[in-house]
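Reckoned from all heavy atoms, side chains included, excluding hydrogens, waters and symmetry mates. Nothing here was measured: the structure is a model prediction, and the numbers come from that model. The first residue of the sequence shown is numbered 1, and numbering continues consecutively from there.
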Amino acid sequence: MLYGMHPPFHIFELTAELARRIVESPSGPHRHDYEELLFLTEGNPCHYIDFRREQLIPPVVTYVAMGKVHQFNPDLGSRGWAMRYAPEWMPESSFRFYSHFLDPINTEIQSEICLAALETLCRMMVTESGAAEPNYAMIRHLLAAFIAKVEEAGKKQYAGDREPSSPDLITLNNFLKILDENFRRDGGVEFYAEKMNMSARSLNNLCKSILEKSVSEIIESRKLLEARQLLLHSHKTVAEIGFELGYNEKSYFTRVFHKKTGLTPTAFKEKMQALLA
């Protein structure tokens, strides 16, 4: 089932009463045509994305990209907020960019000052959203401020003491942009290292130091994200999808997909179609 939204932004607080209702009547897996941010401040909630279970440890912000199949299962002690917004509202979000290469997108909130600021922004968005005539321009600015604070926390989480303008981060983002333009071809680490005028070893070291993944793992993640989207949203065969993504043999594509997701491409598609029927 695909869930749409109107108006273009909605926020709700995960209160004790709402957590109880969700625990007693959990929703099934679903996907939607909006983006979602879950800001969890307390509890021991679980989150499922594309059949992968993750235990969320608050305080944390998790991003759910448009079209992702997910299911959120709070416990009775879970608290926080959920924000849903139309993609065109925040077209420049780095969440969307990094979601092509990292899955899931979770940002730990380690600073008490940052946590307090995020909670204040949420309360302001709740208040404005509940007005008789909400000022959506103001809400958009508040959401942009919320995202900026989370992105700042995320950079510290992945990049340590590196400044946003540091050569390492600039180089990493350039690599990811080149990868996004070329991931369909049969190119490995050497191909991207040459594009970057770097040695394969240097590029690998850079990716591992910031994202804790090798270049090969990042390439594979990008390919398989696209594979899942094509399996869900196109009528192409498994062999056609594999060939489009640079896997010349269907059997090899199937092995890689199964290793990453625990399902064959065919089983993944059938299970998703059954869940979303």
Show the numbers, then the answer: is there a side chain to side chain contact (heavy atoms under 4.5 Å, CB included) between Thr62 and Ile105? CA-CA 6 Å; Thr62 187; Ile105 302 292; 5.8 Å; no
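- Cluster membership for Val64 and Leu143, using ILVMFWY side-chain heavy atoms within less than 4.5 angstrom, is not shared.
- A distance of 8.0 Å separates CG of Leu179 from CG of Asn182, quoted to the nearest 0.5 Å.
- For Met198, the CE atom is densely surrounded, since the number of other residues' heavy atoms within 6.0 Å is greater than 12.
- Nearest heavy-atom pair across Cys207 and Val215 is SG-CG2, 3.8 Å.
- Interatomic distance, NZ of Lys68 versus OH of Tyr63, reported as 9.5 Å (0.5 Å rounding).
- Between Ile11 and Cys122, the closest heavy-atom pair is CD1-O, 3.8 Å.
- Judged purely by distance below 3.5 Å, without hydrogens or angles, the side chains of Asn204 and Ser214 never pair a donor atom with an acceptor atom.
- Across all their heavy atoms, Thr171 and Met196 have their closest contact at O-CE, 3.4 Å.
- With a 4.5 Å cut-off on side-chain heavy atoms, Tyr85 and Tyr34 do not count as touching.
- Rounding to the nearest 0.5 Å gives a distance of 8.0 Å between CD of Glu35 and CD1 of Ile147.
- The hydrophobic clustering, which links ILVMFWY residues whose side-chain heavy atoms are closer than 4.5 Å, places Leu37 and Phe12 apart.
- Within a 6.0 Å sphere centred on OH of Tyr136, other residues, nucleotides and ligands contribute more than 12 heavy atoms.
- Between Tyr252 and Tyr247, the ring planes are tilted. Angles from 30° to 60° get that label.
- The closest donor-acceptor contact from the side chain of Ser234 to the backbone of Leu230 lies under 3.5 Å.
- You'll find the side chain of Met66 stays beyond 4.5 Å of the side chain of His32, heavy atoms only.
- Leu211 is not listed as a side-chain neighbour of Lys208, based on a closest heavy-atom distance of 4.5 Å or more.
- Of the possible polar contacts, none joining the His47 side chain to the Pro45 backbone as a donor-acceptor pair under 3.5 Å is found.
- Contact annotation: the side chain of Leu18 never approaches that of Glu13 to less than 4.5 Å [non-hydrogen atoms, C-beta and beyond].
- Side-chain contact between Val60 and Leu38 is absent, with no heavy atoms from C-beta onward closer than 4.5 Å.
- Counting non-hydrogen atoms of neighbouring residues, nucleotides and ligands closer than 6.0 angstrom, the CD atom of Glu17 exceeds 12 such neighbours.
- Of all heavy-atom pairs spanning Ile219 and Gly187, the tightest one is CD1-O, 4.1 Å.
- Residues Ser221 and Lys260 approach most closely at OG-NZ, 3.4 Å, considering heavy atoms.
- Between Glu226 and Arg222, at least one side-chain nitrogen of the basic residue sits less than 4.0 Å from a carboxylate oxygen of the acidic one, meeting the salt-bridge criterion.
- Applying the 6.0 Å contact sphere to CD of Glu249 captures no more than 12 heavy atoms from other residues, nucleotides or ligands.
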What verdict does the side chain to side chain donor-acceptor pair (under 3.5 Å) test give for Asp75 and Ser78, after you've listed the backbone C-alpha separation in whole Å, the side-chain angles of each residue and the deciding distance to 0.1 Å? CA-CA 5 Å; Asp75 66 346; Ser78 295; 2.5 Å; yes
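- The shortest side-chain heavy-atom distance between Trp81 and Leu40 does not fall under the 4.5 Å cut-off.
- For the pair Pro265/Leu231, a side-chain contact is recorded, criterion being any heavy-atom separation below 4.5 Å from C-beta on.
- For the pair Gln71 (side chain) and Ile49 (backbone), a donor-acceptor distance under 3.5 Å is absent.
- Of the possible donor and acceptor atoms, one in the side chain of Glu128 sits under 3.5 Å from a partner among the backbone N and O of Asn135.
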Could you walk me through whether His30 and Val69 pass the side chain to side chain contact (heavy atoms under 4.5 Å, CB included) test, one step at a time? CA-CA 5 Å; His30 59 276; Val69 177; over 6 Å; no
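- Taking 4.0 Å as the cut-off between side-chain N and carboxylate O, Lys149 and Glu152 count as a salt-bridged pair.
- Note that the CZ atom of Arg228 and the NZ atom of Lys223 stand 14.0 Å from one another [nearest 0.5 Å].
- Neither side chain, Asn205 nor Ser202, offers a donor N or O lying under 3.5 Å from an acceptor on the other.
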Tell me, with the steps shown, if Phe39 and Leu14 meet side chain to side chain contact (heavy atoms under 4.5 Å, CB included). CA-CA 9 Å; Phe39 174 34; Leu14 181 60; over 6 Å; no
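- Separation of atoms CG (Asn197) and CD (Glu194) is listed at 8.5 Å; rounding is to 0.5 Å.
- Salt-bridge check for Glu24 with Arg20: passed, with a basic side-chain N closer than 4.0 Å to an acidic carboxylate O.
- Ring geometry for Phe257 versus Phe253: interplanar angle over 60°, hence perpendicular rather than tilted (30 to 60°).
- Nearest heavy-atom pair across Leu76 and Ala19 is O-CB, 4.2 Å.
- Cluster annotation: Leu245 is not connected to Phe243 through the hydrophobic network of ILVMFWY side chains, with a link wherever side-chain heavy atoms come within less than 4.5 Å.
- The main-chain N or O of Trp89 is found under 3.5 Å from a side-chain atom of Arg140 such that the two form a donor-acceptor pair.
- Although no hydrogens or angles enter the test, the distance criterion places no donor-acceptor pair under 3.5 Å between the side chain of Ser25 and the main chain of Ile22.
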Let's go through Phe9 and Met125 carefully: what are the C-alpha distance in whole Å and the side-chain angles of both, what is the deciding distance for side chain to side chain contact (heavy atoms under 4.5 Å, CB included) to 0.1 Å, and is it a yes or a no? CA-CA 10 Å; Phe9 176 84; Met125 285 187 277; 3.7 Å; yes
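- Comment: Glu244 engages Lys236 in a salt bridge, judged by a side-chain N to carboxylate O separation of less than 4.0 angstrom.
- Atom CE of residue Met83 and atom NE2 of residue His10 lie 11.5 Å apart, to the nearest 0.5 angstrom.
- Under a hydrophobic-cluster definition in which Ile, Leu, Val, Met, Phe, Trp and Tyr are linked whenever side-chain heavy atoms come within less than 4.5 Å, directly or via other members, Leu56 and Leu115 are assigned to different clusters.
- In this structure, the side chains of Lys250 and Thr237 stay at 4.5 Å or more apart for every pair of heavy atoms.
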